[in-house]
Amino acid sequence: MARSTLCRLLIVAIVLFAPSFILRATGQGVEPIKAIHVCDTIRAERLQKSVRIAFSAALASSVYQGYNISYRTFGNYTGVVAADRASIVADIATHGSQCDIIVGTGSSTIENLLLSTINTATTMWVDGGSTSMLLVDTGITRVIPNDEAFVRLGWLPLLRRLGIKTVGMITLGNNNYATSLEGGLRRFALSSGVSIVETSAVTVNSIDEVVAKAPNFFTSADAVDAVMVNFPATEDSFKAFVTAAAANNEARRRAGKNAIVYFFPEDMCSSTDDKWLQLPGSFCLSYLLNATVYQTFLTTMAGREPTVDRDLWQIIGKANFSEKQYRNAANTNEAFALDGFFLDALAIALQATMAFLRDPAAFSNSRTVALRRATLTSAFSGTVSFLETGVRATAVPMIVYNSQPGTLQPVERVVVGVAVDGALNVSSATRIQLGDRQWKDADSAAQEPWSNTQIGFLAWAIAVSVALTGLTVATILL
């Protein structure tokens, strides 16, 4: 293995596992070898998450002296298929007791089904992607902020900053993620100066309902400034809605009417097909990772020996190894923030497990208590800590994307703003498309002055976006 790769490996190890790494290096806390069994849930549409979790677990096993860290997987399923959901629940119910740490599915709907199957006193159940409010104060501990935090600190400040006062919404009624987003909007919208127009709010439960209700919904949207889309990206009904909305916006343009402005949640920004971009002038918010830590980690993965890559690829259920395919999965742009949350989930769970094994009584013999008392610093998503309810206690910066006509392709995502600690700012110098028109700072109903720090943060976010995208392109070309 090349010296540069070894150096990057050491840097990543120190960043991810610094607290226990330092203890071992100084000879403190030496103890007999103890086994830690890490179990991961594999979703076909989020395969790169498991690639990185497997790599991180292997890295931790090589770093921590005195611990044998193993990695195994549950299934290779598609989150939207009911039979696959039932299969993963049955698999964890049967074999979950063999796991010290279970890294969750990232699906609020599936995690809700798992609530009665995992003994959280003996198993740490940690997730980096499920955000539903239904999971608050249950056995699951989540590194990613929940939906109400996303709405309150992301969506609503953006609406206010853009001068949007009335909204409609379309919600997938049989999905926990979608209904949780709707609940956050209904709870906080009015206090943020945004009114939900009920005649422009509709619930659908299938592709057929999307098709049947879309015409009246698009007509009702004339009464609002924008529409909030409460769907997960993986659902076929969402894809059907975007197709219908794009056709409707084109028809509106031909008729001399303004296109409807749509706002999409984080799940859309983390989708590999970027379906939401088909609606130019719309917005999507995602979380912003620590670029230095994340880029170092991804570069280290890309530099691994091909034979090791092949073994790892097969471990997660892909028999036909393609080095180019693996390297593409090992790298990414800023779109896949969820993967960083999952890596933080594993890192803090390992740290908490080691603390628990040293003194179980200090945590009332509960691994989950140990996890919720842990703090992880310099992580991919900043400092990670939890409330007693298993909710993340620390905020995560957000990045605002705008769908705009592109130069190299018909449409592209453009970074137009950032949110830090709930204060969201959009630069008046940045080109922003609001539906069919160009937004100007004077359009905003609530002016928010910019500080030099916030301007610098936006410049940094844009630079990170360009740098990480360049990393992905460069790796694909290798």
Side-chain angles (χ1 to χ4, degrees), residues 80 107-109 112 131-134 147-148 150-152 154-156 158-159 162 164-253 255 257-269 271 275-285 403 434-436:
V80 298
S107 164
S108 296
T109 298
N112 192 51
T131 55
S132 172
M133 297 303 298
L134 290 176
D147 292 325
E148 285 195 353
F150 171 82
V151 169
R152 182 170 51 84
W155 256 356
L156 291 174
L158 176 60
L159 292 173
L162 296 176
I164 292 173
K165 298 181 179 179
T166 59
V167 298
M169 67 175 73
I170 181 165
T171 304
L172 185 63
N174 57 5
N175 181 272
N176 288 339
Y177 175 62
T179 55
S180 184
L181 286 168
E182 179 186 12
L185 281 165
R186 292 191 178 281
R187 181 175 180 183
F188 296 110
L190 192 59
S191 61
S192 297
V194 177
S195 298
I196 297 172
V197 178
E198 295 299 337
T199 54
S200 301
V202 64
T203 298
V204 295
N205 292 294
S206 66
I207 293 178
D208 290 341
E209 286 195 18
V210 169
V211 173
K213 295 183 178 182
N216 288 337
F217 175 73
F218 294 140
T219 299
S220 72
D222 287 333
V224 297
D225 298 325
V227 168
M228 318 305 292
V229 182
N230 302 320
F231 274 82
T234 54
E235 293 283 350
D236 289 338
S237 50
F238 162 68
K239 297 172 185 178
F241 171 75
V242 171
T243 299
N248 174 258
N249 270 354
E250 184 57 35
R252 294 170 75 91
R253 293 186 186 99
K257 299 174 63 177
N258 289 329
I260 298 172
V261 181
Y262 294 94
F263 286 76
F264 295 92
E266 196 283 331
D267 193 53
M268 308 305 175
C269 300
S271 173
K275 191 78 173 176
W276 71 277
L277 287 177
Q278 294 183 21
L279 298 170
S282 296
F283 297 84
C284 190
L285 275 74
S403 174
L434 189 64
D436 292 324

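Quick note: numbers below take in every heavy atom, side chains included, and nothing from hydrogens, waters or symmetry partners.
- Salt-bridge check for Arg186 with Glu198: passed, with a basic side-chain N closer than 4.0 Å to an acidic carboxylate O.
- Side-chain N or O atoms of Tyr177 include none that pairs as donor or acceptor with a backbone N or O of Asn230 at under 3.5 Å.
- Here the side chains of Phe264 and Cys269 are not in contact, with every heavy-atom distance at 4.5 Å or above.
- At least one side-chain heavy atom of Phe283 sits less than 4.5 Å from a side-chain heavy atom of Leu158.
- Contact record, Ser282 with Trp276: O-CZ3, 3.6 Å, taken as the closest heavy-atom pair.
- When every heavy atom of Ala178 is checked against every heavy atom of Asn175, the shortest pair comes out as N-OD1, 3.0 Å.
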### Query
Given the rule in the side-chain contact (heavy atoms from CB on, under 4.5 Å) test, do Leu159 and Ser192 qualify, once you have shown the distances and angles that lead to the verdict?
CA-CA 9 Å; Leu159 292 173; Ser192 297; over 6 Å; no
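- Contact of the Val167 side chain with the Val227 side chain is not registered, since no non-hydrogen atoms from C-beta on lie closer than 4.5 Å.
- Distance check: Met133 CE to Thr179 OG1 gives 11.5 Å after rounding to the nearest 0.5 Å.
- Checked against a 6.0 Å centroid threshold, the rings of Phe150 and Trp155 count as neighbours.
- In this model, a donor atom of one side chain and an acceptor atom of the other lie less than 3.5 Å apart for Asp147 and Ser180.
- Under the 30°/60° scheme for interplanar angles, the aromatic rings of Phe238 and Phe231 are found to be tilted.
- Judged purely by atom type and a 3.5 angstrom limit, Asn248 has no side-chain atom pairing as donor or acceptor with the backbone of Phe218.
- With hydrogens and angles ignored, the 3.5 Å screen pairs no side-chain donor or acceptor of Asn176 with any backbone N or O of Ser132.
- At distances below 3.5 Å, not a single donor-acceptor pair connects side-chain atoms of Thr171 with backbone N or O atoms of Gly173.
- Using a distance-only test at 3.5 Å, with no hydrogens or angles considered, no donor-acceptor pair links the side chain of Lys275 to the main chain of Val242.
- Here the side chain of Asp436 pairs no donor or acceptor atom with the backbone of Asn258 at under 3.5 angstrom.
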### Task
In sequence, state the C-alpha distance, the side-chain angles, and the governing distance for Arg152 and Glu148, and then conclude on salt bridge (Lys or Arg N to Asp or Glu O under 4.0 Å).
CA-CA 6 Å; Arg152 182 170 51 84; Glu148 285 195 353; over 6 Å; no
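- Atoms CG and CE, on Leu279 and Met268 in that order, are 10.5 Å from each other to the nearest 0.5 Å.
- The CD1 atom of Ile207 sits 5.0 Å away from the CG atom of Asp236 when rounded to the nearest 0.5 Å.
- Shortest non-hydrogen contact noted between Ser237 and Ser206 is CB-C, 4.1 Å.
- Put simply, the side chain of Pro232 reaches to within 4.5 Å of the side chain of Leu172, judged on heavy atoms.
- Listed here is the closest heavy atom pair of Ala246 and Gln278: CB-O, 4.0 Å.
- Atoms OG1 and CD1, on Thr166 and Ile196 in that order, are 11.0 Å from each other to the nearest 0.5 Å.
- A side-chain donor-acceptor contact under 3.5 Å links Ser200 to the backbone of Ser220.
- Val151 and Leu181 get closest at one heavy-atom pair: CG2-O, 3.9 Å.
- Residues Ile164 and Leu434 have side chains in contact (heavy-atom distance under 4.5 Å, counting atoms from C-beta outward).
- Here the shortest heavy-atom pairing between Pro215 and Ala212 reads CD-O, 3.7 Å.
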### Stepwise side-chain contact (heavy atoms from CB on, under 4.5 Å) test for Val229 and Phe263
CA-CA 6 Å; Val229 182; Phe263 286 76; over 6 Å; no
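- Within the 4.5 Å cutoff, the side chain of Asp225 has heavy atoms near those of the Lys165 side chain.
- Counting heavy atoms from C-beta on, the side chains of Asn249 and Ile260 come closer than 4.5 Å.
- Taking 4.5 Å as the limit, some side-chain heavy atom of Asp222 sits within range of a side-chain heavy atom of Lys257.
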